[in-house]
Amino acid sequence: MSLLLPDADTTVAAGRRLADLLGAGDLVVLTGGLGAGKTTLTRGLGEGLGVRGAVTSPTFVIARVHPSLVGGGPELVHVDAYRLGGSAELDDLDLDSELDEAVTVVEWGAGLAEGLADERLEITLVADPATEARTLTATGVGARWAGVDVESHLQEAVGATTRTSADEGGVP
């Protein structure tokens with residue numbers, strides 16, 4: 001099952017709602033092409049977590065830390081792995097030293113960031129090139145995410161349309 005997010009505002013709202021499910025120590029791996037909405041979703045996540053500073057793409061700085069403005073709330077570590085040459089360069093960022101105290105989001109992290117944590121949330125965003133719509137698919141990995149229906153949680157908040165594989169031309 002996946003969610004249809006019709007525009008950027010809905011994608012931000014989904015990120016805000018996602019913050020309800022996340023806490024210190026959580027890793028989110030975002031996958032999607034250029035313009036798929038990875039940073040837009042993360043912007044909403046930052047708003048939902050109540051962190052300091054505008055969440056923008058960390059493409060050129062590789063990683064940004066956004067401290068929490070909420071007493072006792074986790075900081076947001078936002079990483080863009082697009083320009084990294086491999087998992088060794090990701091290891092050089094020393095993200096595992098902050099994982100327990102922060103919500104860590106790694107854009108372009110598929111194939112690189114899985115080694116950071118046994119439990120993680122993998123989100124794939126696919127943009128429709130003709131519209132601003134995005135399709136979001138979330139997969140929880142590990143015991144932390146067992147029984148957590150992320151897509152239903154997001155759907156309640158943003159009024160997004162649920163799509164099944166049959167809607168996408170696949171088998172239900």
Side-chain angles (χ1 to χ4, degrees), residues 1-3 5 11 14-33 36-51 55 57-59 61-68 70 72-126 134-158 160 162-165 170:
M1 186 165 67
S2 58
L3 289 174
L5 305 171
T11 305
R16 276 194 302 269
R17 180 71 171 172
L18 179 60
D20 296 344
L21 297 176
L22 298 173
D26 284 331
L27 172 65
V28 179
V29 179
L30 297 179
T31 303
K38 297 177 298 295
T39 300
T40 303
L41 184 74
T42 306
R43 183 178 318 122
L45 178 58
E47 289 175 12
L49 290 172
V51 299
V55 174
S57 178
T59 299
V61 295
I62 309 297
R64 275 198 183 91
V65 177
H66 297 274
S68 177
V70 179
E75 63 188 12
L76 172 64
V77 176
H78 185 199
V79 180
D80 187 329
Y82 183 75
R83 294 181 23 207
L84 297 180
S87 57
E89 288 185 26
L90 185 64
D91 287 343
D92 288 345
L93 296 177
D94 202 24
L95 295 175
D96 50 352
S97 68
E98 296 185 42
L99 265 175
D100 291 339
E101 296 91 33
V103 171
T104 303
V105 175
V106 182
E107 295 187 24
W108 301 96
L112 295 173
E114 294 84 356
L116 292 172
D118 292 333
E119 300 178 326
R120 63 191 170 277
L121 182 60
E122 298 176 349
I123 295 178
T124 302
L125 291 159
V126 177
R134 295 152 170 96
T135 301
L136 179 149
T137 305
T139 304
V141 176
R144 157 72 175 91
W145 296 102
V148 178
D149 189 347
V150 175
E151 291 163 354
S152 291
H153 184 77
L154 298 181
Q155 182 180 7
E156 291 172 15
V158 301
T162 303
R163 298 175 61 157
T164 65
S165 57

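Note: hydrogens, waters and symmetry copies are ignored here, and every other heavy atom, side chains too, is used.
Minimum heavy-atom separation, Ala19 to Leu49: CB-N, 3.7 Å. Nearest heavy atoms, Val77 versus Ala102: CG2-CB, 3.7 Å. The minimum heavy-atom distance between Ala24 and Val103, with the atom names listed, is N-CG2, 4.4 Å. Pairing each heavy atom of Asp26 with each of Leu22, the nearest pair is OD2-CA, 3.3 Å.
Sorted by first then second residue, the side-chain hydrogen bond (donor to acceptor under 3.5 Å, both in side chains) pairs that include residues 41-51, not counting sequence neighbours, are Arg16-Glu47.
Scanning for side chain to side chain donor-acceptor pair (under 3.5 Å) contacts around Glu119 gives an empty result, with sequence neighbours left out. With sequence neighbours left out, Ser68 forms a side chain to side chain contact (heavy atoms under 4.5 Å, CB included) with Val70. Applying the side chain to side chain contact (heavy atoms under 4.5 Å, CB included) criterion to Val141, with sequence neighbours excluded, gives Arg120, Glu122. The side chain to side chain donor-acceptor pair (under 3.5 Å) check on Asp118 picks up nothing, with sequence neighbours excluded. With sequence neighbours left out, Val150 forms a side chain to side chain contact (heavy atoms under 4.5 Å, CB included) with Leu18, Leu21, Leu121, Ala138, Trp145, Val148, Leu154.
Side-chain atoms of Thr40 and Arg134, non-hydrogen and from C-beta on, do get closer than 4.5 Å to each other. The shortest distance between side-chain heavy atoms of Leu45 and Val55 does not fall below 4.5 Å.
Remark: Glu101 CD to Glu75 CD distance equals 7.5 Å, nearest 0.5 Å. The structure places CG of Leu41 at 9.0 Å from CD of Glu107, a figure rounded to the nearest 0.5 Å. The line from OG1 of Thr135 to CG of Leu5 is 7.5 Å long, rounded to the nearest 0.5 Å. Annotation: the span from Leu125 atom CG to Leu136 atom CG amounts to 5.0 Å, rounded to 0.5 Å. Interatomic distance, Leu76 CG to Thr104 OG1, rounded to the nearest 0.5 Å: 8.0 Å.
Distance alone, capped at 3.5 Å, is enough to place a donor-acceptor pair between the Lys38 side chain and the Gly33 backbone.
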